[in-house]
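Just below is one structure, and these are the notes that go with it.
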Amino acid sequence: MRRSALYRAPRGTSDILPQEQAYWRYIEQKAVSTTQLYGYERIDCPVFEGTQLFDRSVGEDTDIVEKEMYTFEDRGGNSITLRPEGTAPVCRAYLEHGMHNWPQPVKLYYLTSIFRYERPQAGRYREHHQFGCEAIGDSDPALDAEVIDLAWQLLYSLGLHRITLQINSIGCKDCRPAYLAILKEYYAHGTPDLCPDCQARVVRNPLRLLDCKNPQCQSVADAAPKSVDHLCPQCQEHFSRLKEYLGLLSLPFRINHRLVRGLDYYTRTVFEIQPEAEGSQTTILGGGRYDDLIEQLGGKPTPAIGFATGLERIVLNLKREGVPIPPLPRPQVFIVYLGDAAKAKAIKQTAALRRKNIGALTAPGGKSLKAQMRQANALGIHYAVIIGEQELQTGTMILRDMTTAEQQTIPGEQLEDWLTARR
RNA sequence: GUGAGUGUCGCCUAGCGGUCUAAGGCGCCAGGUUGUGGCCCUGGAGAGCGUGGGUUCAAAUCCCUCCACUCACCCCA
């Protein structure tokens, strides 16, 4: 038993410890710098929203709304939900702040925690973190291509090279009903033994029939009518232009006729990026167009497209692929002292260096010289400075390079310059 | 919601009915002469074996309960 662990992080949540932070900082920095290249600006929305926002946008028949939301009543009696996805809040903000008056499309990115009540497993948590981009206010397939390009470049530049891009078009509100009718018709005939889930889907959410993973449904779904064969002329045009633009960008995409997504708001373009490696959590990044969402939320008809990617899954894949991660910066110098007079000097010197933006440490407590040196070494500090009686009297310091074990004595007043030169 | 697996010091692991007042490695702390790290050596702190119950003369070791965690299904990032 862990006596020290009377309290534990709630199921499906985890502490991101210092030794993991290099991964997170790496991804964050790359995400920020990459999106800047495409003109995105950051937005941070509240951790919770009114429950209705998600009911309306994500779709009441989706798993997320049906059984995965953290919903509760606040003290004022309002139904509140911890955000289970990032797009709806951004759209809410778009409307609330009149962003339709900004230059269109409005390009926003977010980096936040997401909450879903699920059974945790590898790459799936109750609290996880998503990085997402939304481009709101333009329907040009060139924008679709640009967003997909951004998603691809982000993952690729992180060092994930063994990835695949899949796209599909699931039509719009004009042509999808007819397609769904055809799909239902197909499933109504000649489909002897569907899994129980699919039997329910035929009525409730026929599009989802296509991505059923149940073996007995595979062949049926494979041979099902394809959405791309039943697009209206506008959607057809949109999709073929998209493919053309993706070609221009040299993005190696594959059309997956069975790619549909689990949120109801998607229209036309949907896409996913998956790692080539085996594993249960196949989707590392997913997104698509949602041309009707803003209108559904009470705005004017406003086309939009976006994607989101799970940071935990990126970390998982970075580790699996053995991608080298740049280490986080450490203090440059550790000041070691001998005796009380030297300790006072060390404290002053450490503070002075910090005020000059040089990371510096000194050991609290009455540690021996040996212990201080050990600590400097264990922390991976590049330089040690030693101040003892002799140095105090001569106004010098011993400067030791911990990586080469070379050391020299320098005048104390030169320390700052010396370190600055070697930063 | 369903299924499978696991549960011994901070981490990893040994022990599989008595020799366990539980062992080792990593890590941590302190030393290895007088002012110096990494290797090496010595010592120290640190668990009573997830929980409750049962079987037994005897349980970390067998059985059951519950709990937790992990993995997988579903779905999603």
Side-chain angles (χ1 to χ4, degrees), chain A residues 1-5 8-12 14 17 19 27 58 61-68 84-87 111-132 151 155 195-198 200-201 205 208 211-215 217 260-263 272-275 279-287 306-317 334-339 342 363 365-392 398-407:
Chain A
M1 196 215 345
R2 288 154 192 189
R3 294 173 154 284
S4 57
R8 337 189 58 191
R11 180 149 216 217
S14 54
L17 299 174
Q19 56 265 38
I27 297 168
V58 176
D61 287 338
T62 59
D63 284 334
I64 291 178
V65 170
E66 272 185 350
K67 53 188 185 185
E68 295 179 358
E85 65 105 37
T87 300
L111 183 52
T112 53
S113 42
I114 297 289
F115 305 88
R116 290 183 199 167
Y117 190 84
E118 302 181 272
R119 287 288 288 270
Q121 69 187 74
R124 200 180 67 192
Y125 310 98
R126 290 185 175 180
E127 179 189 32
H128 72 278
H129 300 79
Q130 288 188 7
F131 172 79
L155 296 181
C195 70
D197 284 339
C198 278
R201 287 183 181 121
N205 204 339
R208 298 212 59 82
D211 75 340
C212 181
K213 278 108 185 166
N214 205 311
C217 304
V260 299
R261 303 206 23 92
L263 289 75
E272 284 186 8
I273 295 179
Q274 306 185 348
S280 57
Q281 308 307 331
T282 51
T283 305
I284 183 168
L285 179 152
F307 71 84
T309 179
L311 293 236
E312 282 83 355
R313 288 189 185 175
I314 292 179
V315 171
L316 200 68
N317 281 280
F334 195 108
I335 300 184
V336 171
Y337 55 84
L338 247 132
K367 283 179 188 286
S368 67
L369 177 60
K370 179 198 281 281
Q372 293 178 65
M373 292 299 289
R374 269 189 182 150
Q375 184 163 18
N377 181 249
L379 294 176
I381 308 298
H382 197 142
Y383 298 107
V385 163
I386 301 166
I387 305 174
E389 294 297 319
Q390 276 177 37
E391 290 71 31
L392 227 40
I398 296 173
L399 217 155
R400 182 177 178 86
D401 184 326
M402 298 295 277
T403 60
T404 62
E406 287 166 9
Q407 68 181 39

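All values below were derived from every heavy atom in this structure, side-chain atoms included, with hydrogens, water molecules and symmetry-related copies excluded. Lettering follows sequence order; numbering is per chain, from 1.
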### Query
Taking the side chain as C-beta and beyond, is there a heavy-atom pair between A:Thr283 and A:Arg313 under 4.5 Å?
yes

### Message
Given B:C73, B:A30, B:G35, identify the nucleotide with an atom nearest to the side chain of A:Gln121.
### Response
B:C73

### Task
Could you tell me the separation between the NE2 atom of A:His382 and the P atom of B:G38, rounded to a whole number of Å?
18 Å

### Query
When the distance from CG of A:Leu17 to C1' of B:G10 is rounded to whole Å, what number comes out?
11 Å

### Query
What nucleic acid atoms does A:Ala405 come within less than 4.0 Å of, heavy atoms only: base, sugar-phosphate, or nothing?
base

#### Entry: Sugar-phosphate only, base, or nothing, as touched by A:Ile398 at under 4.0 Å among non-hydrogen atoms
base

### Sugar-phosphate only, base, or nothing, as touched by A:Tyr125 at under 4.0 Å among non-hydrogen atoms
base

### Message
From C-beta outward on A:Arg261, which listed nucleotide comes closest to its side chain: B:G37, B:C28, B:A77?
### Response
B:A77

### Task
Could you work out the separation of B:G31 and B:G24 based on their P atoms and round it to a whole Å?
23 Å

### Message
Using only modelled atom types and a 3.5 angstrom limit, is any donor from either the side chain of A:Lys370 or the base of B:G32 paired with an acceptor on the other?
### Response
yes

### Message
Could you tell me how far apart A:Gln375 (CD) and B:G27 (P) are, to the nearest whole angstrom?
### Response
16 Å

#### Entry: Under 4.0 Å protein heavy-atom contacts per nucleotide of nucleotides 40-46 of chain B, with B for base, S for backbone only and - for none
-------

### Query
Mapping A:Glu68 and A:Gln407 to their closest nucleotides on RNA chain B, which lands nearer the 5' end?
A:Gln407

### Euclidean distance for C1', B:A14 against B:A22 (whole angstrom)
10 Å

### Query
Atom OG1 in A:Thr309, atom CD1 in A:Ile314: separation rounded to 0.5 Å?
3.5 Å

### Query
Between B:A23 and B:C63, how far is it from one C1' atom to the other, in whole Å?
27 Å

### Message
In whole Å, measure the gap between the P atoms of B:U51 and B:A59 for me.
### Response
15 Å

### Query
Checking all strands, does A:Ala308 fall into the base, sugar-phosphate, or nothing category for heavy-atom contacts under 4.0 angstrom?
sugar-phosphate

### N or O in side chain of A:Arg8 less than 4.0 angstrom from B:A68 OP1/OP2
no

### Query
Expressed in angstrom and rounded to an integer, what is the separation of A:Glu389 atom CD from B:U36 atom C1'?
16 Å

### Query
Could you walk me through whether A:Arg119 and A:Arg11 pass the side-chain contact (heavy atoms from CB on, under 4.5 Å) check?
CA-CA 9 Å; A:Arg119 287 288 288 270; A:Arg11 180 149 216 217; 3.9 Å; yes

#### Entry: Minimum-distance pair of heavy atoms, taken over all atoms of A:Ile64 and A:Pro84
CG2-CB, 3.7 Å

### Task
Look at the side chain of A:Ala122 and decide which nucleotide, out of B:C71, B:G35, B:G38, has an atom nearest to it.
B:C71

### Side chain A:Asn377 and base B:G37 donor-acceptor under 3.5 Å
yes

### Task
Mark yes or no for whether A:Glu127, through its side chain, and A:Ser14, through its backbone, hold a donor-acceptor pair below 3.5 Å.
no

### Message
Taking only the C1' atom of each, what is the distance from B:U65 to B:G25 in whole angstrom?
### Response
35 Å

#### Entry: P spacing across the pair B:G18 / B:A4, given as an integer number of angstrom
31 Å

### Message
With heavy-atom distances below 4.5 Å as the criterion, would you say the side chains of A:His382 and A:Asp401 are in contact?
### Response
yes

### Task
Determine the interatomic distance between P on B:U34 and the same-named atom on B:U70; round to the nearest Å.
50 Å

### Query
Between A:Ser368 and B:G31, does any side-chain N or O lie under 4.0 Å from OP1 or OP2?
yes

### Summary
From CD of A:Gln19 across to C1' of B:C11 the rounded distance in Å is 11 Å

### Task
To the nearest Å, give me how far apart CD (A:Gln274) and P (B:A77) are.
12 Å

### Summary
Sorted by position of nearest nucleotide on RNA chain B, 5' first, the leading residue of A:Gln390 and A:Ile284 is A:Gln390

### Query
Which listed nucleotide (B:A30, B:A77, B:U36) is nearest to the side chain of A:Met373?
B:U36

### From CA spacing to verdict: side-chain contact (heavy atoms from CB on, under 4.5 Å), A:Leu311, A:His128
CA-CA 8 Å; A:Leu311 293 236; A:His128 72 278; over 6 Å; no

### Message
Nearest to the A:Leu369 side chain among B:U36, B:G37, B:A30, which nucleotide is it?
### Response
B:U36

### Task
Could you measure between the two P atoms, the one in B:C16 and the one in B:G37, and give it in whole Å?
42 Å

### Task
Figure out the CG/P separation between A:Asp63 and B:A77, and round it to whole Å.
11 Å

### Task
State, to 0.1 Å, how close A:Gln130 and A:Gly86 come at their nearest heavy-atom pair, and which atoms those are.
OE1-N, 4.5 Å

### Query
When only distance counts, do a donor and an acceptor, one from the side chain of A:Arg119 and one from the base of B:G1, lie under 3.5 Å apart?
no

### Query
Among the nucleotides B:U36, B:A30, B:A77, which one has an atom lying closest to any side-chain atom of A:Gln130?
B:A77

### Query
With no angle test and no hydrogens, is the base of B:G35 tied to the side chain of A:Glu391 by a donor-acceptor pair under 3.5 Å?
yes

### Task
Mind checking A:Gly123 for me? I need base, sugar-phosphate or nothing, with any heavy atom below 4.0 Å counting as a touch.
base

### Task
Answer yes or no: is there a side-chain heavy-atom contact under 4.5 Å between A:Val385 and A:Phe334?
no

### Summary
When every non-hydrogen atom of A:Asn317 is compared with those of A:Pro275, the smallest separation belongs to OD1-CB, 3.3 Å

### Message
In the structure I gave you, are the side-chain heavy atoms of A:Glu391 and A:Ile398 within less than 4.5 Å of one another anywhere?
### Response
yes

### Query
B:G35, B:G37, B:C29: which one has an atom nearest the side-chain heavy atoms of A:Lys367?
B:C29

#### Entry: Anti/syn call for B:G44, syn if |chi| within 90°
anti

#### Entry: Separation of B:C71 C1' from A:Arg11 CZ (nearest whole Å)
11 Å

### Query
Can you give the dot-bracket line for RNA chain B, where a pair is Watson-Crick or G-U wobble with both atom distances under 3.5 Å, crossing pairs use [ ], and | marks a partner on another strand?
((((((((.[[[[.)..(....]]]].(((((.......))))).....[.[[[..)....]]].])))))))....

### Query
Heavy atoms, side chains only, cut-off 4.5 Å: are A:Tyr117 and A:Arg126 in contact?
yes

Please set out all donor-acceptor pairs under 3.5 angstrom arising from side-chain atoms of residues 370-379 of chain A, sequence neighbours excluded.
residue: A:Gln372; atom: OE1; partner: A:Tyr337; partner atom: N; Å: 3.1
residue: A:Gln372; atom: NE2; partner: A:Tyr337; partner atom: O; Å: 2.9
residue: A:Gln372; atom: NE2; partner: A:Lys367; partner atom: O; Å: 3.1

